[in-house]
Amino acid sequence: MKKHILGFPRMGIRRELKAALESLWKGELAFDLFEERCRELRLRHWTIQKDAGLSMVTTGDFAWYDHVLDTAYMFNAIPERFRALPKENGELYFKMARGDERFNTPAMEMTKWFNTNYHYITPEIDKDFVPQLNAEKILKETKEALDAGFVVKPVVVGPITFLSLAKGVDGYNCWEKAAVLVDSYAQLLAELAQYAEWIQIDEPILAGELPEEGRKIFVETYQKLNAAAGNAKLLLATYFDSVDDNLDLALQSGCAALHLDLTRGGKNLDEVLEKFPQNMILSAGIVDGRNIWKNNFAASVATLRKIQAKLGDRMMVASSCSLLHSPVDLSEETLMDPEIKNWMAFAVQKCSEVAFLSDYLDGTCDWRIAAENAVAMQERAQSSRIHRPEVKERLASVTSDMLSRKSPYPVRRKAQESLNLPLFPTTTIGSFPQTPEIRRTRRALRKNEISQEEYVEFMKKEIAFVVQKQEELGLDVLVHGEPERNDMVEYFGEQLNGFVFTQNGWVQSYGSRCVKPPVIYGDVSRPAPMTIDWICYAQSLTKKPMKGMLTGPVTILCWSFVRDDVDRETVCKQIALAIRDETADLEKNGVRVIQIDEAALSEGMPIKKRDAAAYLKWAVESFRLTSTPVEDETQIHTHMCYSEFNKIIRAIAEMDADVISIEACRSKMELLEAFREFEYPNEIGPGVYDIHSPRIPETEEIVDLLERSLQYEPAERLWVNPDCGLKTRRWEEVLPSLEHMVAAAKIMREK
Ligand code: GLN
Ligand code: ZN
């Protein structure tokens, strides 16, 4: 029985790829040395797969920046603005990803890869696109692996997924290029077929929302591709959800094997087995590639046996998706609590799990490993570290009145007049510039180089400075500036029960950027207040309202690795109750304005439209649970760095925050179009200062943006604020920008 993974993380255990990329970009590392380091990483990752006992190693999964960009590049889908650049030393490739400041050439857009936190480069296709195969990279890497003695399985992003994710330039319909693009794919497969028995072709769109154009051409496309592959066998890979509406296409594809994600898409396994063609192999994605939990062997074997009973040896054992989304190696976690560590598996361990499960079915495994696994599972199921009866009881006793404010918005608005805010009130989103000194001081505390008292004193000085600057600027609702937070999720996770942090659990977010998500392993609760001291200190320095600053439950959930023994809704609501206590404590301590950030609300959206409503229901309930324990006089804000509102506008309104601030600047307020059809009932602050750019906006520009906003929202309900927090900006940019923002608000008031 074949055993394989769909891809391995590229970064390296020490984030070697990040270091190499950043040195290359700074001009400190020559290109051939950069490639040499990449080659070492590839060899290391193939060795891990082989040593684990996998039957073949994946090639072509290693991208300098992103594998979708690799695909665009390979087929010559190079936007006009880059075409004249030299291809040597990756110059053109990296410019596509990162833009070219000297010539003001914007980078290609980035989008989230389905519902993961990985971002791919969105291919751009225009009417002049002529596909032309340049397979140098994947061929080189595949030969490299062959020469080193590995059995290879190259992987490519399939044409239907590629076209589904691409965006047509100026409204061009990308599908018009399908036929010529498929010809190039056929050429590619013919080349790869010389080296490999199996070629993996990823079509995750089959488990998502496949456009009608893609449906229409799917089967004929795969007929062509299978013919082109000749003796090599195509493994059609799907993941992240079940293949149901498109199951007929997958089964008629004529591919030698179909890969299914059984961790997120196993719901219709019975139907799949019922309809599975006689000559097809099923690659069972049973080891979750997107989390950090040890596989439950007993449960997995039960599923695999069921497949085996129906298909006999026409099966493979695999990871659910590429391991790109999981950290590299658990054995590097030397500081982690051993009990919790024993419940986990990272990419290296997952390779062994795949191999083990296959050997188990074959009866050739080491049974001691199965026994150890069973013990770990049992300990986890019963651990008092995870299961806190008081948390479960509290969640069970949530009543519907805990999901609503005392009065509806119009009544609250009246009550909040006591805040004495002017028309077009000005505020910021929370953070102020995080200077090197601030970062150094946080680091020094972590390394015990300074005392807690010294730390607090420094932070208080910083807060006082930020408050004073805001007073001078004449802002209406102030913030404390968040100097004590290095990350909006980590800050809360570190203070909540049920969270643990890794040392090296990095996962690629995009390009050289990695994130180290907290791990939620158990029932979540709040042992003590988390923000009160800082906010109250800040409030004591000013007569203006000080905005308490919290991260919302959905965002904490979406940016963490989440336990897999209860559903996400339960985890989210546990977090919500913990933050709810913080909201109540802020109010109790005299804080009259409280912002609860939900930057990630839209990131949690399921892949399939039909699942959206159920998600939004519990996501909104979680936010309401967090935000409603307060009196009518207390003003609740929320913030979202997100501008495609049309799909979720109703859900956002149902969150019933008194004020929402959103990103709007880059789209020149176009996002407010969503409010044409649906009037947002409460107050709203569409960002008027693009904090993603160092540029200082002029007063007139801001006035102009505010006037545009007036077409959608009445003046009484408009706020004036930047797009997002200011922590990545410098004071030199922030001060004049906010000065202009406040001036613009004054002009609007006079008008
Ligand atoms: N309050 C946070 C800040 O200002 C919000 C960050 C975010 O939306 N990503 O930094
Ligand atoms: Zn934001």
Side-chain angles (χ1 to χ4, degrees), residues 110 112 117 119 426-435 438-439 442 459 462-463 466-467 469-470 475 477-493 509-510 513 515 517-518 530-531 534-535 538 546-560 579 582-583 586 591 593-604 623 626-627 636-645 648 652 655 657 659-667 671 684-693 719-731 733-734 737-738 741:
M110 253 181 343
K112 274 161 56 73
N117 286 330
H119 300 73
T426 54
T427 190
T428 61
I429 305 304
S431 57
F432 266 84
Q434 296 231 330
T435 57
I438 295 181
R439 292 173 194 280
R442 276 201 313 259
M459 289 301 159
E462 192 56 41
I463 290 171
V466 169
V467 171
K469 285 290 165 215
Q470 293 173 91
L475 286 153
V477 174
L478 311 195
V479 298
H480 79 296
E482 305 181 23
E484 79 288 12
R485 304 183 188 179
N486 97 71
D487 177 274
M488 63 190 285
V489 170
E490 193 173 84
Y491 179 76
F492 290 92
S509 171
Y510 64 90
R513 281 284 276 273
V515 293
M530 304 180 282
T531 65
W534 300 120
I535 306 295
M546 176 59 57
K547 190 156 60 162
M549 197 55 62
L550 304 174
T551 302
V554 184
T555 301
I556 294 180
L557 181 88
C558 286
W559 290 350
S560 302
I579 311 281
E582 191 74 12
T583 310
L586 280 168
V591 179
V593 182
I594 301 168
Q595 178 175 311
I596 302 165
D597 289 327
E598 280 295 20
L601 187 85
S602 71
E603 296 188 12
F623 179 84
T626 306
S627 58
I636 296 288
H637 289 223
T638 187
H639 164 71
M640 280 167 212
C641 337
Y642 188 68
S643 56
E644 280 148 38
F645 272 108
I648 54 169
I652 290 175
M655 288 164 69
V659 184
I660 177 175
S661 60
I662 49 181
E663 181 194 305
C665 210
R666 279 187 289 189
S667 67
L671 78 106
I684 182 162
V688 289
Y689 158 23
D690 176 9
I691 62 92
H692 303 91
S693 145
W719 281 65
V720 182
N721 49 259
D723 266 340
C724 191
L726 303 167
K727 72 174 179 194
T728 56
R729 296 264 66 89
R730 295 175 309 143
W731 278 105
E733 299 147 10
V734 163
S737 302
L738 291 179
M741 192 183 90

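Remember, it's 1-based here, ligands and their atoms both numbered in the order they're listed.
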So, leaving waters aside, the tally of protein N/O/S atoms less than 2.8 Å from the Zn ion (ligand 2) stands at 3

NZ/NE/NH1/NH2 to OD/OE distance under 4.0 Å, Glu603 and Lys112
yes

Quick one: ligand 1 N/O to protein N/O pairs below 3.5 Å?
{"from": "ligand 1", "atom 1": "1 (N)", "to": "Ile429", "atom 2": "O", "distance (Å)": "3.2"}
{"from": "ligand 1", "atom 1": "1 (N)", "to": "Glu482", "atom 2": "OE2", "distance (Å)": "2.8"}
{"from": "ligand 1", "atom 1": "1 (N)", "to": "Asp597", "atom 2": "OD2", "distance (Å)": "2.7"}
{"from": "ligand 1", "atom 1": "4 (O)", "to": "Ile429", "atom 2": "O", "distance (Å)": "3.4"}
{"from": "ligand 1", "atom 1": "4 (O)", "to": "Ser431", "atom 2": "N", "distance (Å)": "2.9"}
{"from": "ligand 1", "atom 1": "4 (O)", "to": "Ser431", "atom 2": "OG", "distance (Å)": "3.1"}
{"from": "ligand 1", "atom 1": "8 (O)", "to": "His639", "atom 2": "NE2", "distance (Å)": "3.1"}
{"from": "ligand 1", "atom 1": "10 (O)", "to": "Ser431", "atom 2": "OG", "distance (Å)": "2.7"}

**Study point:** Candidate pair Arg442 and Gln434, rule side-chain hydrogen bond (donor to acceptor under 3.5 Å, both in side chains), full reasoning
**Key:** CA-CA 11 Å; Arg442 276 201 313 259; Gln434 296 231 330; 3.0 Å; yes

For this session: Show your reasoning for whether side-chain contact (heavy atoms from CB on, under 4.5 Å) applies to Thr551 and Ile596.
Result: CA-CA 5 Å; Thr551 302; Ile596 302 165; over 6 Å; no

Query raised in the report: So, Asp723 side chain and Ala664 main chain: donor-acceptor pair closer than 3.5 Å or not?
Result: yes

Backbone of Ala599 reached by a side-chain donor or acceptor of Asp597 within 3.5 Å: no

Check: Is the side chain of His639 donor-acceptor paired with the backbone N or O of Ser661 at a distance under 3.5 Å, no angle test?
Finding: yes

Practice prompt. Scan side-chain atoms only and decide if Glu598 and Thr555 contain a donor-acceptor pair under the 3.5 Å cut-off.
Written response: yes

### Message
Run the side-chain hydrogen bond (donor to acceptor under 3.5 Å, both in side chains) test on Gln595 and Thr638 for me, step by step, so that the C-alpha distance in whole Å, both residues' side-chain angles and the decisive distance to 0.1 Å come before the verdict.
### Response
CA-CA 5 Å; Gln595 178 175 311; Thr638 187; over 6 Å; no

| Any donor-acceptor N/O pair, Asn721 side chain to Thr428 backbone, under 3.5 Å | no

